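Shown next, in structure tokens, is the structure this report addresses.
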Amino acid sequence: MPTTQRTRQITLLAKQTQLLEPFKTSMESLGQKVIHIESTEEAVQMVRNDACEVLVHVLQDFERNDVGFFHHRLVRSEHGTKVSRFIVYRGENTRAMAFAADCGMLKGIQAEKAISTMGAALEFALQGFEQLTADVQKAHQLVASGDCVFDAETADFIQQIAQQYPNLKSFQCASARLSLMKGDIKKAAVQTRRILDDEPWNVRALSLLGDILLEAGNVQEAQRLLMAAEGIAAGNPFRLLSLARLYIKLEQVESAKSCLQKSIEIRPIPETINKVLNELSLDDEEKSKISLSIDETMAKILN
């Protein structure tokens, strides 16, 4: 690892001071400047004003919806793609799973070990990302959400980079997603199962294979995989729309409507919403309510 380190300003989003201190001390020990904020609203404003270079989010004590809004409205936004993200997932006994810009992952960081590990992990991940070529950095940012909805030109670019870096899971997932978008269900399934052979609980791959099986008509297995993914990381708007389509096939209309509404409240995805609406018979009043929900959510995101 390079011995020289660039001083950065780290924005640390955390609610509990006692939980914050180990992470803060760990980063400051490597010469980084740390600013503490306590709300996603503050994070949104900092990112929009280009006042945030690296954002570390300690998810403990944040409500699930708040976390979903942070990830899907902020991280996936135009401004969010410019930020090097290092997100700490909450878990039992304050177990954390951390990753930065999809170029490095550490699992099972215990809070009591954070003082010696988190700062080093952050530095390692950021240095790794900064050493990538500009094209690869751009590709990483495009696939950071794991749910790729791209135009043809961008899709070709992602496929090209994925072929150059075949061992990176984020590119593997993106490549499989693009195969599914092109209608090559068999190829998408092979690509996704290869990922799951190495990482059985890769939530992106589980979701994607659920989508693939849903397209292939294997509803029961699709439900098992999508629910497994939802149990690991709930609130993904793409997955909620997949669940809505699944419930339509199971003739569970109210469950489908509920998933559709939850997805819209987190982040409307027009391409997939229209696919669900085409499969779901709604009266004019219900369609009007959905249109209003989409407009209200988009207004919140843009403002």
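On a predicted model such as this, the values are computed, not experimentally measured, just so you know.
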At what distance, to the nearest 0.5 angstrom, does CD of Glu230 lie from CG of Asn236? 7.5 Å
At their closest point, which heavy atom of Ala176 faces which heavy atom of Gln191, and how far apart are they? CA-OE1, 3.2 Å
At what distance, to the nearest 0.5 angstrom, does CD1 of Ile290 lie from CD1 of Ile273? 8.5 Å
Are the side chains of Leu250 and Gln220 in touch, meaning some heavy atoms are under 4.5 Å apart? yes
Interatomic distance, OG1@Thr11 vs NE2@His36, rounded to 0.5 Å, equals 11.0 Å
Measure across Ala14 and Phe62 and return the closest heavy-atom pair with its distance rounded to 0.1 Å. CA-CE1, 4.2 Å
Shared ILVMFWY cluster between Leu277 and Val253, side chains joined below 4.5 angstrom? yes
Shortest non-hydrogen contact from Val276 toward Ala244: CG1-CB, 4.1 Å
Before giving the answer on side chain to side chain contact (heavy atoms under 4.5 Å, CB included), spell out for Leu240 and Leu260 the whole-Å C-alpha distance, their side-chain angles and the decisive distance to 0.1 Å. CA-CA 7 Å; Leu240 285 166; Leu260 174 61; over 6 Å; no
Side chain to side chain contact (heavy atoms under 4.5 Å, CB included) evaluation trace for Met46 with Leu55: CA-CA 10 Å; Met46 292 187 72; Leu55 181 59; over 6 Å; no
How far apart are the C-alpha atoms of Gln159 and Lys182, what are their side-chain angles, what is the distance that settles it, and do they pass the side chain to side chain contact (heavy atoms under 4.5 Å, CB included) test? CA-CA 12 Å; Gln159 290 283 36; Lys182 293 177 181 178; 3.9 Å; yes
Do Trp201 and Ile212 sit in one hydrophobic cluster, given that two such residues count as connected whenever their side-chain heavy atoms are within less than 4.5 Å of each other, even indirectly? yes
Kindly give the heavy-atom pair with the smallest separation between Val219 and Leu246, and that separation in Å. O-CD1, 3.8 Å
With heavy-atom distances below 4.5 Å as the criterion, would you say the side chains of Asn202 and Cys173 are in contact? yes
About how many Å separate CZ of Arg204 and CD of Gln172, when rounded to the nearest 0.5 Å? 12.0 Å
I'd like to know if the side chain of Ser258 reaches the main chain of Glu254, judged simply by a donor and an acceptor atom lying under 3.5 Å from each other, with no hydrogens or angles considered. no
Rounded distance (nearest 0.5 Å) linking atom CG of Leu243 with atom CZ of Arg239: 7.5 Å
State yes or no: do Leu292 and Leu282 share one hydrophobic cluster built from I, L, V, M, F, W and Y residues joined by side-chain heavy-atom distances below 4.5 Å, directly or via other members? no
Is there a chain of hydrophobic side chains (I, L, V, M, F, W, Y, each step under 4.5 Å between heavy atoms) that links Leu178 to Ile195? no
Pairs touching residues 278-289 that satisfy salt bridge (charged side-chain N to carboxylate O under 4.0 Å, His left out), sequence neighbours left out: Arg245-Glu279, Lys257-Glu286, Glu285-Lys289
Note, Met27 side chain near Val56 side chain (heavy atom, < 4.5 Å): yes
Say you draw a straight line from CG of Leu180 to CG of Asp211; how long is it, rounded to the nearest 0.5 Å? 6.5 Å
For residues Ala43 and Leu13, report the shortest heavy-atom separation together with the two atoms involved. CB-CD2, 4.2 Å
Apply salt bridge (Lys or Arg N to Asp or Glu O under 4.0 Å) to Glu265 and Lys262, showing your working. CA-CA 5 Å; Glu265 289 172 358; Lys262 287 179 183 177; over 6 Å; no
Nearest non-hydrogen partners of Ser263 and Pro237, listed with the distance: OG-O, 2.8 Å
Derivation of the side chain to side chain contact (heavy atoms under 4.5 Å, CB included) call for Gln223 and Tyr247: CA-CA 9 Å; Gln223 183 176 21; Tyr247 286 128; 4.3 Å; yes
